[in-house]
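Step one of this worksheet: look at the structure below.
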Number of protein chains: 2
Amino acid sequence: MDSKVVSLRSKLEIYKANSGGGNIADCPVRDVIQGISNKWSSLLMMALAEKPYRFGELRRLVPDISQRMLTQTLHDLQRDGYVHREVFPTKPPSVEYSLTDLGRSMFGPLHQLLQWAELNHGAVRAARTAFDAADA
Amino acid sequence: MDSKVVSLRSKLEIYKANSGGGNIADCPVRDVIQGISNKWSSLLMMALAEKPYRFGELRRLVPDISQRMLTQTLHDLQRDGYVHREVFPTKPPSVEYSLTDLGRSMFGPLHQLLQWAELNHGAVRAARTAFDAADA
DNA sequence: AGTGCTGGTCTCTTTTTGAGACTTATATAA
DNA sequence: TTATATAAGTCTCAAAAAGAGACCAGCACT
């Protein structure tokens, strides 16, 4: 219990103290988390955790993502090592995206968070409704 | 094992099939996840999981957040029910932010993800370096 | 010859974020 | 007394990011 608090403190205040001239903005945990804390990353991870998908399949699976952001998010996930991109020499060429070992490893804890969201979206919606009613 | 795959499938394809005219954009899991998948939410949750903080303390703890985004992110976290805001009648009045029960509940799985990031940021950095070297 | 499929890129517009001045009331310092 | 600091924001303007949609090349099918 206390160990959790200590480990948290280390990530913020003690991190700042330990890293001589280092800014907390350079914190490696932030660096990693911010790569997956954006609108589309977790959704695409969720899709690719199920099975590999092609570019067009992902676009149809997530109809409200723009082609531009699908390209860019997949590129970023590939760069961070979560996603593998493979081009098949069909006519026209098709591209398949799949999770790497690192991607599957990261999806473990991410999946826990997704499950929490599934279980608790009722509570979150209720909180929003109450909050919006309060200042009305 | 298979149950994980099935539960994933249900969130994407089967969700779409089950929710008659519903769009996958309305998916409640997405709704909740997108509330915490932004640049500052997880960082502030991390800080407040350690202990309650006042507005100015948070600003000093995270020096690269703008006052504007700190206000807005705390407001959104409060609206979603993760954070409690309390005003103390000091002169000038001070405001303390703390996690609610729902916030602490959500921080459980979030903390798992943060720990993964701490353990694996080396691998992510290495992947980035390799990727950037490849197309150079 | 025209149409559609592939996986993108390019441009333009709208939205979001960042930087920084400004606020109101009180306390402290010069 | 006048100046300065502190609290928690808000306001405005500039910059960055995201969304919408046209456009591209090469090949298959009609």
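- Contact check of residues 67-83 of chain A against DNA chain C (heavy atom, cut-off under 4.0 Å) returns Gln67(A), Arg68(A), Thr71(A).
- Looking at residues two or more places apart in sequence or on another chain, you find a side chain to side chain contact (heavy atoms under 4.5 Å, CB included) between Pro52(A) and Glu96(A), Ser98(A).
- One atom, CG of Asn38(A), and another, P of dA16(D), lie 19 Å apart when rounded to the nearest Å.
- To the nearest 0.5 angstrom, Arg85(A) atom CZ is 8.5 Å from Phe131(B) atom CZ.
- For Thr73(B), the side chain to side chain contact (heavy atoms under 4.5 Å, CB included) criterion is met by Asn38(B), Trp40(B), Ser41(B), Leu44(B), Met69(B), Leu77(B), not counting sequence neighbours.
- Taking 4.0 angstrom as the limit, Trp40(A) places a side-chain polar atom (N or O) nearer than this to OP1 or OP2 of dG19(D).
- Spacing between atom CD1 of Ile65(A) and atom P of dG21(D) amounts to 16 Å, rounded to whole angstrom units.
- In terms of the side chain to side chain contact (heavy atoms under 4.5 Å, CB included) criterion, residue partners of Ser94(A) (sequence neighbours excluded) are, by chain and number, Arg54(A), Phe88(A), Thr90(A).
- For the atom pair CG (Asp64(A)) and CG (Leu43(A)), the distance works out to 8.0 Å, reported to the nearest 0.5 Å.
- One N or O on the side chain of Gln34(B) and one on the backbone of Lys39(A) form a donor-acceptor pair closer than 3.5 Å.
- Within residues 84-98 of chain A, the residues approached by DNA chain D to less than 4.0 Å at the level of any non-hydrogen atom are Lys91(A), Pro92(A), in residue-number order.
- The nucleotide range of DNA chain C contacted by chain A, defined by atoms under 4.0 angstrom from heavy atoms of the protein and reported 5' to 3', is dC5(C) to dT11(C).
- Nearest-nucleotide positions on DNA chain D place Phe55(B) closer to the 5' end than the other of Lys39(A) and Phe55(B).
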Report, one line per pair, each donor and acceptor closer than 3.5 Å where one atom sits in a side chain of residues 101-110 of chain A; sequence neighbours left out.
{"residue": "Asp101(A)", "atom": "OD1", "partner": "Arg104(A)", "partner atom": "NH2", "Å": "2.9"}
{"residue": "Arg104(A)", "atom": "NH1", "partner": "Leu99(A)", "partner atom": "O", "Å": "3.1"}
{"residue": "Ser105(A)", "atom": "OG", "partner": "Trp116(B)", "partner atom": "NE1", "Å": "2.6"}

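- Residues forming a side chain to side chain contact (heavy atoms under 4.5 Å, CB included) with Arg59(A) (at least two apart in sequence, or on another chain): Phe55(A), Gln67(A), Leu70(A).
- Residue pairs meeting the salt bridge (Lys or Arg N to Asp or Glu O under 4.0 Å) criterion with at least one member in residues 119-130 of chain B, sequence neighbours excluded: Asp31(A)-Arg125(B), Asp31(A)-Arg128(B), Asp80(A)-Arg128(B).
- The SG atom of Cys27(A) sits 9.5 Å away from the CD1 atom of Ile33(A) when rounded to the nearest 0.5 Å.
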